[in-house]
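Read the structure below first, then the notes.
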Amino acid sequence: MQFKDIIGQDDVKARLIQSVQEERIPHAQLLTGKSGVGKLQLAIAYAQYIACEHRTETDSCGVCPSCLQYAKLQHPDLHFAFPIYKVKAGKESVCNDFINEWREIVLEEKYFDINDWYQKIGAETKQGVIYEAESGEILRKLSFKAFSGGYKTMIIWLPEKMNVACANKLLKILEEPADKTLFLLVSEEPDLLLPTIISRTQLLKVGDLSEQQITHALTEEYHDLPDGDAADLAHIANGSYLKAKKAALQTQDTNDNLNSFIQLMRNAYSVAVKRDYNALVNMRKWSDSMATLPTGREGQKNFLQYASQQIRENYIYNFGRHEMNYQTRAESEFSVRFAPFITENNVGQIMEQLDLAQRQIEQNGNAKIIFFDLCLQMIVLIKRK
């Protein structure tokens, strides 16, 4: 992976490149930032740049034997650690058990998150961990002589997933590494790391991407995506290319959720404000349709999460600070008239009702009753504006 393949982050790239050119490479670095901004990609491109035989002032060459091995993530001096699960009960697994899946997701997806990784390895219902056994693997791999005579690099993705035993065993090598040994820790929740881990690393913050950068990247990856739609997705992504990418893939789901949200709130408004009690019939029909979604309970939970987000956006809309709103054009058009009904008098209680409905769905409650009760609650709360 080369720096040119990574969206934005020019300042971070320049800093990493400068450290190599000045031969002042910190032995342990902690890259932090939100999901989907390119932290892992930067770590890999940095390691490739260090190992490149013919690097330029701005990037690795991409064609030398070292770069070709990096292109497949198969360089003998490049190692990874990442959250996994126990394949067999009573026996701790190590990351090498999942290395093929890891290479596939990094090379095919580039930008992905922990849920994508769990889905890749069939661990959706499990809690990923970097186990104590991995610390032994890390020490073993880094004890070998570098194949190329250069740096041995260990990239730890989401080090906050290390259990305490694993983290403690790595403290000494982080403090006193062998010559030309490089640790790159890629974290999204550095506050969960042991303070002793943080104190042994040099912090490098990877910031949000701009809307322009995300828009350009979306149109490059999805050629049939209209520029206007790409700009809308970039705006709601809040600096994360991964969030924009997932939104692009879920556009139809978003449209369906928006339509369901509009129906719910219009019917509630009709009863609460216009006293149109025929809307209660529509509410019953709406509840029945939500109870029979083809996507089942996951689709119902997704809608409730989406509705909570839209309530938040409509509340913020009232402050006239539209740069703080993360909505598509269609969502914003609905908010023009709907937002005045979401105020400090009801926003908290509406969010509570949506959260309650989600918990009831997760507990296998009767979806028809849950959604119809939600409709009735919305009537009361919309009236309370």
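Throughout, numbering of the chain's residues begins at 1 and tracks the sequence.
Side-chain contact between Ile25 and Tyr46: present, with at least one pair of heavy atoms (C-beta onward) separated by less than 4.5 Å. Using a 4.5 Å heavy-atom cutoff, the side chains of Ile44 and Gln41 are not in contact. Counting heavy atoms from C-beta on, the side chains of Glu313 and Ile236 never come closer than 4.5 Å. The closest side-chain heavy-atom distance from Leu158 to Val186 is not below 4.5 Å. Side-chain contact check for Leu185 versus Leu31: every heavy-atom pair is 4.5 Å or farther apart. Leu280 has its side chain within reach of Leu376: a pair of non-hydrogen atoms, C-beta onward, lies under 4.5 Å apart. A 4.5 Å side-chain heavy-atom check between Ile262 and Phe338 finds every atom pair outside the cut-off. Considering only heavy atoms from C-beta on, Met378 comes within 4.5 Å of Ile350 through its side chain.
Between Tyr85 and Phe98, the distance separating the two ring centers is shorter than 6.0 angstrom.
Residue pairs meeting the salt bridge (Lys or Arg N to Asp or Glu O under 4.0 Å) criterion with at least one member in residues 275-300, sequence neighbours excluded, are Glu298-Lys301.
In this structure, the side chain of Ser240 engages the main chain of Lys243 through a donor-acceptor pair within 3.5 Å. In terms of modelled atom types and a separation under 3.5 Å, the side chain of Thr32 and the main chain of Pro190 share no donor-acceptor contact. No donor-acceptor pair under 3.5 Å is formed between the side chain of Asp77 and the backbone N or O of Thr153. In this structure a side-chain-to-backbone donor-acceptor pair under 3.5 Å is present from Gln48 to Met1. In terms of modelled atom types and a separation under 3.5 Å, the side chain of Gln9 and the main chain of Val37 share a donor-acceptor contact. The backbone N or O of Phe112 lies less than 3.5 Å from no partner atom in the side chain of Asp116, so there is not a single donor-acceptor pair. With hydrogens and angles disregarded, a donor-acceptor distance shorter than 3.5 Å links the side chain of Asn267 to the backbone of Gln263. Using modelled atom types, one side-chain atom of Asn318 and one backbone atom of Ile342 make a donor-acceptor pair closer than 3.5 Å. Judged purely by atom type and a 3.5 angstrom limit, Lys152 uses its side chain to pair as donor or acceptor with the backbone of Leu142. Tyr49 places a side-chain N or O within donor-acceptor distance of the main-chain N or O of Thr56, the cut-off being under 3.5 Å.
In this structure, Glu175 does not pair ionically with Lys172, as no charged nitrogen and carboxylate oxygen lie closer than 4.0 Å. At a threshold of 4.0 Å, the pair Asp113-Lys246 counts as salt-bridged, since one of the basic side-chain nitrogens sits closer than that to a carboxylate oxygen. A salt bridge is absent between Glu188 and Lys34: the closest approach of a Lys/Arg side-chain nitrogen to an acidic carboxylate oxygen does not fall below 4.0 angstrom.
Under a hydrophobic-cluster definition in which Ile, Leu, Val, Met, Phe, Trp and Tyr are linked whenever side-chain heavy atoms come within less than 4.5 Å, directly or via other members, Leu184 and Leu107 are assigned to the same cluster. Under a hydrophobic-cluster definition in which Ile, Leu, Val, Met, Phe, Trp and Tyr are linked whenever side-chain heavy atoms come within less than 4.5 Å, directly or via other members, Trp157 and Leu193 are assigned to different clusters.
The distance from the CD atom of Gln310 to the CD atom of Glu331 is 4.0 Å, given to the nearest 0.5 Å. Rounding to the nearest 0.5 Å gives a distance of 10.0 Å between CD of Glu101 and CD1 of Ile105. Atom CG of residue Leu139 and atom CD1 of residue Ile173 lie 5.0 Å apart, to the nearest 0.5 angstrom.
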Set out, in order, the CA-CA distance, both residues' side-chain angles and the distance that settles ring pair (Phe, Tyr, Trp, His ring centres under 6.0 Å) for Trp117 and Phe82, then state yes or no.
CA-CA 10 Å; Trp117 172 237; Phe82 38 79; 5.3 Å; yes

Give the intermediate values and the outcome of salt bridge (Lys or Arg N to Asp or Glu O under 4.0 Å) for residues Lys245 and Glu109.
CA-CA 10 Å; Lys245 180 179 177 180; Glu109 300 296 332; 3.6 Å; yes

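For Gln2 against Ser60, the heavy-atom pair with the smallest separation is NE2-O, 2.7 Å.
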